[in-house]
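Chain letters run A, B, ... following the sequence lines, proteins first, then strands; residues in each count from 1.
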Number of protein chains: 2
Amino acid sequence: MEKKISDHIFEPVETKQAYKEVSEKIKTAIFNGTLKPEDRLPSEIALAKQFQVSRQTVREALRLLEMSGFITIRRGSAGGPIIEKTVLHAVSNALLNALQMQNVTLNDITVARIETEKSVLRYAIKNADQADINALSENISTAKRKVEQGITVFPDNVEFHILLARASKNPVFIVVVESILALGAEYISRFGLNFEASKKTLAEHEKILKAVIERNTEEAIRLIKDHLLRIGHRNKSTTE
Amino acid sequence: MEKKISDHIFEPVETKQAYKEVSEKIKTAIFNGTLKPEDRLPSEIALAKQFQVSRQTVREALRLLEMSGFITIRRGSAGGPIIEKTVLHAVSNALLNALQMQNVTLNDITVARIETEKSVLRYAIKNADQADINALSENISTAKRKVEQGITVFPDNVEFHILLARASKNPVFIVVVESILALGAEYISRFGLNFEASKKTLAEHEKILKAVIERNTEEAIRLIKDHLLRIGHRNKSTTE
DNA sequence: TCACATTTGTCCGTATGTATC
DNA sequence: AGATACATACGGACAAATGTG
């Protein structure tokens with residue numbers, strides 16, 4: 001008698017659906033660099049001819065790629081499917097969907113942000129190069145200028161945290177931070193919170209950057225914790 | 001002249017496409033509980049009649065929902081679109097796609113895992129209730145039994161980390177941990193690593209659980225760090 | 001301003017494969 | 001084994017959007 005093996009070692013063999021195969025082929029062409037960002041794919045009719053399938057099949061394949069974030073589709077003349085630079089927005093969307101099916105509170109998001117960004121900071125301080133520091137400094141001075149001109153600096157303040165994640169040199173951190181930020185933004189817009197107090201945020205960002213430059217890990221972590229706690233606690237009145 | 005405002009304040013208004021509207025309506029029905037997991041949606045033809053659109057339009061809407069993880073579609077009689085319990089697998093897929101377009105190393109994954117799970121442990125120790133402890137104990141004893149019978153315990157060992165995340169009571173952590181785990185699994189399968197040394201893994205899990213039960217945060221964190229480092233370092237020879 | 005070409009969006013009808021009873 | 005119900009796939013057609021001359 002054979003030794004009994006646990007279930008789920010082999011996935012069931014799925015009979016290939018044409019639209020999935022088409023989508024896979026285009027996807028691998030993107031991964032291996034044959035298709036590059038900003039490139040335009042052939043039109044649906046041309047693709048149908050190339051793959052020897054119907055237009056409907058091509059369209060369903062394109063729907064998959066669109067939802068996965070690989071392409072966007074423009075209508076009209078000179079339109080068509082265009083390769084995207086990143087698929088990060090798709091991650092945030094998926095994360096958002098997942099969390100919408102759970103019960104997620106603003107506090108949950110804040111806690112996760114604090115913990116994640118604390119880790120990010122440790123690695124950012126370890127791995128940041130001059131380009132990262134410059135980008136962060138640039139971000140703050142741009143934001144300052146905008147505040148004086150009365151322009152909203154919300155996108156810049158979000159960008160600050162993404163730049164920190166980049167400085168960690170770990171793509172996993174970057175994706176996770178961007179996703180949580182997108183999640184927070186969605187949460188905020190859904191409950192109609194406002195975007196004031198950017199000056200305070202800006203001042204705190206400046207202090208954090210200073211600590212990063214000085215490689216002062218303890219101070220930086222203390223600052224980001226307070227910073228994110230403030231944003232999280234003032235949930236109904238203030239945010240990034 | 002108008003004051004120049006930063007770009008991307010307003011998104012372009014998209015003229016509604018039927019397939020997107022159909023997909024949205026089904027999605028909101030899922031969110032507000034009208035449609036529950038395991039429910040079967042009407043057939044494509046019936047949906048086409050209800051929404052007053054063509055079958056092709058319905059199919060494209062279903063493609064979106066399928067890719068987002070909300071439904072799976074079974075062919076044949078008594079088949080049709082079925083509501084899924086969670087959309088977590090969609091998150092992992094999206095994350096995977098995103099990271100495949102970057103340059104991610106096993107070390108990046110290991111670092112992110114360690115940092116994330118350290119945070120998870122802190123909150124798990126704070127928030128775990130008896131049910132969580134029971135589930136974790138159950139997991140270990142099940143795995144032990146399987147090891148004795150020569151059955152692979154890889155899925156159980158992965159489950160252990162998910163149970164830890166659940167014990168933290170923070171859905172964001174759960175999603176992030178599951179995603180990173182899926183990412184690691186994908187990475188492993190892609191490079192054909194093996195699944196041995198489960199006994200060592202099991203023993204370490206047992207120690208971690210003990211520390212959690214004793215509410216010994218420092219010890220638990222030290223253990224999980226060593227545990228994940230070992231898994232990460234022995235990348236080409238050993239894993240979970 | 002207007003007409004035209006291109007490309008996606010949508011519809012219909014039909015045929016075939018596939019799983020269930 | 002046969003009937004049924006469903007997804008899958010094809011082809012042809014027209015509408016709507018969009019850029020170009």
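Taking atom OH on A:Tyr19 and atom C1' on C:dG17, their separation rounds to 14 Å, with Å as the unit. Residue B:Arg59 contributes atom CZ, which lies 15 Å from atom C1' of C:dC12 at whole-angstrom precision. Atom P of nucleotide D:dA9 and atom CG of A:Leu47 are separated by 16 Å, given to the nearest angstrom. The interatomic distance linking B:Glu60 (CD) with D:dT8 (P) rounds to 13 Å, in whole Å. Atom CZ in A:Arg55 sits roughly 13 Å away from atom P in D:dG12 (whole-Å rounding). Nucleotide C:dT8 holds its P atom 12 Å from the CD atom of A:Glu66, rounded to whole Å. Rounded to an integer number of Å, the gap from B:Leu65 CG to D:dA7 P is 14 Å. Between the CD atom of A:Glu44 and the P atom of D:dA16 there is a distance of 17 Å, given to the nearest Å.
Contact check on A:Glu60 versus A:Lys20 returns no salt bridge, with no Lys/Arg side-chain nitrogen under 4.0 Å from an Asp/Glu carboxylate oxygen.
Both A:Arg74 and A:Gln56 sit near DNA chain C, but only A:Arg74 has its closest nucleotide nearer the 5' end.
Nearest approach of A:Asp108 to B:Pro171, heavy atoms of both residues: OD2-CD, 3.5 Å.
Considering only residues two or more places apart in sequence or on other chains, A:Phe70 meets the ring-ring contact (aromatic ring centres under 6.0 Å, His included) condition with A:Phe31.
Comparing atom distances between the A:Arg40 side chain and each of C:dT8, C:dT7, C:dC11 picks out C:dT7 as nearest. Of the candidate nucleotides D:dT8, D:dA5, D:dA9, D:dT8 has the atom nearest to the side chain of B:Arg63.
Here B:Pro81 lies in heavy-atom contact (under 4.0 Å) with sugar-phosphate atoms only.
In this structure a side-chain-to-backbone donor-acceptor pair under 3.5 Å is missing from B:Asp132 to B:Arg166.
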